[in-house]
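Structure first, then comments.
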Amino acid sequence: MESSVAQVKVNFTTTHEDLQLPETKRQLLVPADIKRYGLSRILNSESMLNTASPIPLDFLVNGTFLRTTLEEYLKTEGLSSETTITLQYVRSLLPPTYETSF
Amino acid sequence: ETHLADDQGGSPLRDFSEAMQLWSDFQNKTHPLSLSLTSQLRLILTPSQSTKLSGSFRTGKRLNIKKIIPYIASSYKRDKIWMRRAVPTKRSYQILLCVDDSRSMGETASGTLALESLVMVSRALAMLEVGQVGVLGFGADVFTAHHLADPFAAHDAGARVLQRFRFDQDRTDVALLLRRTIDAFRDARARNPAASAASAAGVDLWQLALVLSDGLTPSSAHDAIRRLLREAMEERIMVVFIVMDDSQHRKGDSVLDLKEARFVKDAEGNSQVVIERYLDTFPFQYYLIVHNLEDLPNALAGLLRTWFAEVNS
Ligand SMILES: [Mg+2]
């Protein structure tokens with residue numbers, strides 16, 4: 001069969017009262033090769049948090065900051081793209097850096 | 001020969017006595033639903049009366065208007081001007097129940113719901129005795145859990161099917177499932193003893209695939225799936241997708257609400273975030289979403305009724 005770009009189902013959570021998503025928006029399919037920056041862009045988009053100005057976000061997965069693609073994370077953990085990943089988003093404390101695409 | 005992997009290798013099987021117990025538990029639980037589905041499907045799958053009037057006869061139910069002028073022109077000699085209710089052709093079915101064996105099914109209650117549905121539907125079909133019933137499992141690969149040619153009524157047949165499902169496949173390749181389903185039906189049509197004598201005996205062979213899955217398959221495969229569904233339709237194979245959506249226990253986690261995010265380049269070449277409803281690109285024309293097992297008999301019967309009405313119109 002032709003190759004297909006993998007998708008991963010994520011479940012967004014946060015402890016920031018002002019950055020809560022409605023229940024129906026917490027589950028989302030995202031490209032498996034996505035990293036922190038792409039996820040931050042998605043959450044800042046109109047359909048999600050719809051922030052007035054972008055809020056850089058970091059993502060915690062199982063208590064550690066996501067530094068790789070979701071695909072790489074799953075691979076190191078011995079998981080498959082069938083697994084729903086719970087991502088806790090927090091305001092980024094790092095100074096913004098220039099990144100290309102995601 | 002069959003193209004389907006039929007090895008008992010790969011994943012170890014579930015314990016047989018455990019599978020027997022599971023089958024009888026599901027059978028007891030779903031028995032009234034199986035009966036309800038059987039009685040509804042009997043009306044849909046085995047019509048006892050044809051609704052169409054056709055043919056040219058000397059006597060009949062209704063005049064065929066197109067025959068009147070030739071009738072007069074022939075000085076009333078060409079008098080086969082009546083139509084009759086045609087005797088319905090006997091139908092024979094080959095039905096494949098395709099169960100999603102991928103890990104996503106095991107992570108939620110969708111897997112259990114799919115197995116309960118499998119037991120309920122397969123027993124209803126066995127009671128109907130309308131033809132052959134087979135079971136496929138799919139995920140990263142496709143396997144045969146029960147051959148179309150083997151009888152399903154045997155007491156342990158169901159348990160042997162349940163033994164094969166472990167919900168531990170690492171991908172959900174629905175395109176591959178459709179490829180193998182079309183191949184299996186092509187093969188089964190050629191092998192079906194009824195099919196060779198079918199036209200002579202007035203038996204009509206129908207092929208139907210029911211897919212039981214949580215519906216999650218990569219969106220990038222949706223176009224390939226659409227092409228395969230067209231191919232299936234050309235071969236007169238009907239494919240019904242039954243989405244197992246056990247969302248009652250998990251708030252906000254229904255496939256109905258599920259969205260997907262993509263990055264799309266705009267006219268200036270900048271990447272933009274696009275968020276769409278997952279089901280908006282879902283390629284199956286005939287699909288149902290089942291939240292509770294109790295919904296399935298009516299929903300499935302309703303969908304098949306609609307489909308037969310479309311085919312017969
Ligand atoms: Mg899956």
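We name chains A, B, ... by the order of the sequence lines, and we start the count at 1 in each one.
- Contacts between B:Leu216 and chain A at a heavy-atom distance below 4.5 Å involve the side chain alone, from C-beta outward.
- Note: B:Leu258 CG to A:Lys25 NZ = 13.5 Å, rounded to the nearest 0.5 Å.
- Across all non-hydrogen atoms, the minimal contact from B:Ala261 to A:Pro31 is O-CD, 3.4 Å.
- Looking only at atom types and distance, the side chain of B:Ser271 has a donor-acceptor partner in the side chain of A:Arg41 under 3.5 Å away.
- Nearest approach of B:Phe263 to A:Gly38, heavy atoms of both residues: CZ-O, 3.6 Å.
- For chain A, the option among B:Asn270, B:Ile275, B:Asp170 with the highest count of heavy-atom pairs below 4.5 Å is B:Asp170.
- Checking side-chain atoms of B:Glu107 against main-chain N and O of A:Thr83 turns up no donor-acceptor pair under 3.5 Å.
- In this structure the side chain of B:Thr172 reaches within 4.5 angstrom of the side chain of A:Glu82, judged on heavy atoms.
- At a 4.5 Å heavy-atom cutoff, the contact between A:Ser45 and chain B is made by side-chain atoms alone.
- Evaluated for a side-chain contact (heavy atoms from CB on, under 4.5 Å) with B:Lys259, the options A:Leu29, A:Leu28, A:Val30 yield exactly one hit, A:Leu28.
- Within the 4.5 Å cutoff, side-chain heavy atoms of B:Ser219 are placed close to those of A:Gln7.
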